[in-house]
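Quick notes on the structure that follows.
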Number of protein chains: 2
Amino acid sequence: MPPRTHRRTEALSRERIVEAAVELLDANGESGLTFRTLTERLATGAGAIYWHVANKGELLDAATDGVLASALKAGSPGSPRDEVRAVALGLFDAIDRHPWLATQLALQLSRGSVTPRIFEAVGRPVHALGVPEGHRFTTTSALVSYILGAAGQNAANARIPVVPANRTEFLDTVASAWEELDPEEYPFTRSVAAELREHDDREQFLAGVDLILAGITAVHRPGEPG
Amino acid sequence: MPPRTHRRTEALSRERIVEAAVELLDANGESGLTFRTLTERLATGAGAIYWHVANKGELLDAATDGVLASALKAGSPGSPRDEVRAVALGLFDAIDRHPWLATQLALQLSRGSVTPRIFEAVGRPVHALGVPEGHRFTTTSALVSYILGAAGQNAANARIPVVPANRTEFLDTVASAWEELDPEEYPFTRSVAAELREHDDREQFLAGVDLILAGITAVHRPGEPG
DNA sequence: ACCTGAACACCGTTCAAGT
DNA sequence: ACCTGAACACCGTTCAAGT
């Protein structure tokens, strides 16, 4: 029996290609996915991949679709507010695990199936919250914009390679830099450096969601507590 | 006197390079800026550009910085709320004019001088609004996230080349597509297609800002009107 | 000190040729 | 029907050579 230097070659398929693409993106970021790394990983030629996938854009779309689907499918047992929070956190955590997702979502939001899926997930609880017709689209858009914007910033942070244990130290460095800023030009940013040092990304993200929820309540159901 | 086929060659400088880069980005998007197009435009060689600029990343940083500076420097005469709106609109319009700016801001927000500048511009009026210490960082972050997220989505839309006159028609196409969605899976998105058809991007953006401002008021100054 | 432009390594994509 | 891998056009970057 000859030594098996490579593991058994499974049949190439669209799924296996997309799966490998996601792994490469997760491991090495946007620039980690090239047709060279992909052919190497799949032990095949470039043409083989192009047989299953039209081009790199389609590959990125498929990767985005897959990851997005699993991010949005979390069950939603609680109140509308809890559901909004759950959907928001689902997207936040997905982008945290797959930083490239933020860029892709921003690029794909305009066209395709991405927008309706996110819209639907956020819009249902918005409706349930009692937001009147004529305001639901705008309200849902505001939430989606916030969620994607905040998660995208977080993803940008995640791209800076920092050992989790050093995160405190990292925040400390940034906070110290803020404290060194010109007091004439940056009085506010300086004054808020201490809050930066102590904040938690996830908590802060949720606080923003709650702020918008409070705004929704204030505008549309002014009688009730936030 | 010989015919002047090219206009007089001005001295190459960092400023002239960055200026040309912005023009190429505005005209043809992210992919419109390459060292080939840039050398052609400036009638020079690649090495000449590298003499003034370390690499493409630095060039993009400089382009971002310049455009951002002019976007944030609008005077602010009114109330804190008006100032928040003015800063938000300034960024929104800048990204509308320079769609590539959204991507750059998202990528650069983590490090560098970009964050403090935006933070300062948004944070000052937040402070003036009466948000108490301990909540200013989170509140400002929420606004900045929303502003960049919403503007980024808008920039993604702007990347789809549509003649302004056809915009109504374009929205109509998207809205019609939404109305064709599976009623089981997308009840909310379908129900909101009509609102999509009639919305105005800029108004909607401001409505989101106002929603967050209402939330801030509700949470931190519960006695006062939104 | 500043500029030229050929050369290099790398990228996405194509395609004739194989099985 | 599916895969191979050389080839193509293009990209960012370098660098010996010029002025």
Side-chain angles (χ1 to χ4, degrees), chain A residues 4-65 100 103-104 107-108 111-112 159, chain B residues 4-65 100 103-104 107-108 111-112 159:
Chain A
R4 212 161 55 181
T5 53
H6 301 309
R7 65 183 175 125
R8 190 171 64 81
T9 303
E10 294 152 64
L12 200 55
S13 67
R14 203 186 142 92
E15 278 130 53
R16 243 166 61 78
I17 293 170
V18 173
E19 188 187 313
V22 170
E23 285 169 20
L24 286 169
L25 286 166
D26 289 350
N28 306 308
E30 261 104 350
S31 69
L33 175 65
T34 72
F35 275 79
R36 319 272 150 160
T37 60
L38 200 51
T39 53
E40 200 181 340
R41 175 90 152 220
L42 295 168
T44 182
I49 295 172
Y50 277 95
W51 178 262
H52 295 277
V53 161
N55 51 42
K56 194 175 183 180
E58 194 184 296
L59 186 54
L60 284 167
D61 286 4
T64 303
D65 261 29
W100 50 273
T103 311
Q104 279 318 114
L107 289 174
Q108 288 181 36
R111 62 191 183 279
R159 265 186 274 262
Chain B
R4 212 163 53 181
T5 52
H6 302 306
R7 63 186 176 121
R8 189 172 64 82
T9 302
E10 294 152 63
L12 200 53
S13 67
R14 202 185 143 91
E15 279 130 53
R16 243 168 59 79
I17 292 170
V18 172
E19 188 186 313
V22 170
E23 285 170 18
L24 285 169
L25 286 166
D26 288 351
N28 306 309
E30 262 105 351
S31 68
L33 175 65
T34 71
F35 275 79
R36 319 271 149 159
T37 58
L38 200 53
T39 53
E40 200 181 340
R41 174 89 151 222
L42 295 168
T44 182
I49 294 173
Y50 278 95
W51 178 262
H52 296 277
V53 160
N55 50 40
K56 195 176 181 178
E58 191 183 298
L59 186 54
L60 284 168
D61 285 5
T64 302
D65 261 31
W100 50 274
T103 310
Q104 278 321 111
L107 290 174
Q108 287 180 36
R111 61 189 185 281
R159 266 185 273 261

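Bear in mind the structure is a predicted one, so any value in this text is a computation, not a measurement. We name chains A, B, ... by the order of the sequence lines, and we start the count at 1 in each one. Because only heavy atoms are used, hydrogens play no part in the values below, and waters and symmetry mates are left out as well, while side chains stay in.
- Atoms CD1 (I49(B)) and C1' (dC2(C)) sit 13 Å apart, rounded to a whole Å.
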Could you go through nucleotides 15-19 of chain C and list every protein N or O atom that sits under 3.5 Å from one of its N or O atoms, giving the distance for each pair?
none

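- Across all non-hydrogen atoms, the minimal contact from A20(A) to L42(A) is CB-CD2, 4.0 Å.
- Atom CG of L42(B) is separated from atom P of dG5(C) by 14 Å (rounded to the nearest Å).
- Remark: C1' of dT14(D) and CZ of F35(B) are 12 Å apart, rounded to the nearest angstrom.
- Rounded to whole angstrom, the span from the CD1 atom of I17(B) across to the P atom of dC2(C) amounts to 12 Å.
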Review item, side-chain donor-acceptor pairs of residues 45-57 of chain B, under 3.5 Å, at least two apart:
{"residue": "N55(B)", "atom": "OD1", "partner": "G57(B)", "partner atom": "N", "Å": "3.2"}
{"residue": "N55(B)", "atom": "OD1", "partner": "E58(B)", "partner atom": "N", "Å": "2.9"}
{"residue": "K56(B)", "atom": "NZ", "partner": "L33(B)", "partner atom": "O", "Å": "2.8"}

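- Other residues, nucleotides and ligands place no more than 12 heavy atoms under 6.0 Å from the CD atom of E15(A).
- Side-chain contact between L59(A) and L38(A): present, with at least one pair of heavy atoms (C-beta onward) separated by less than 4.5 Å.
- What you find for R14(A) and A62(A) is that their closest heavy atoms are NH2-CB, 3.7 Å.
- L38(B) comes within contact range of no nucleotide atom at all, as no heavy-atom separation falls under 4.0 Å.
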What pairs of nitrogen or oxygen atoms, one from the protein and one from nucleotides 8-10 of chain C, lie under 3.5 Å apart?
none

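- Stem analysis of DNA chain D (Watson-Crick or G-U pairs, both distances under 3.5 Å, runs of at least three) returns C:4-8 with D:12-16, C:12-16 with D:4-8.
- Taking only side-chain nitrogens and oxygens, H52(B) never comes nearer than 4.0 Å to OP1 or OP2 of dA1(C).
- Under 4.0 angstrom from either OP1 or OP2 of dC2(C) there lies at least one side-chain N or O belonging to W51(B).
- Considering all non-hydrogen atoms of both residues, A63(A) and L25(A) come closest at CB-CD1, 4.3 Å.
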Full working for side chain to side chain contact (heavy atoms under 4.5 Å, CB included) between V22(A) and W100(A): CA-CA 9 Å; V22(A) 170; W100(A) 50 273; 4.2 Å; yes
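- In this structure, OG1 on T44(A) lies 8.0 Å from CD1 on I17(A), to the nearest 0.5 angstrom.
- Spacing between atom NZ of K56(B) and atom P of dC11(C) amounts to 15 Å, rounded to whole angstrom units.
- When heavy atoms are screened at a 4.0 angstrom cut-off, L59(A) is found touching no nucleic acid atom at all.
- Atom CD of E40(A) is separated from atom P of dG5(D) by 13 Å (rounded to the nearest Å).
- For the segment residues 18-31 of chain A, no residue has any heavy atom less than 4.0 angstrom from an atom of DNA chain C.
- Ranking dG12(D), dT4(D), dA1(C) by closeness to the T44(A) side chain, first place goes to dT4(D).
- Listed by chain and residue number, R41(A) satisfy the salt bridge (charged side-chain N to carboxylate O under 4.0 Å, His left out) test with E23(A) (two or more places apart in sequence, or in another chain).
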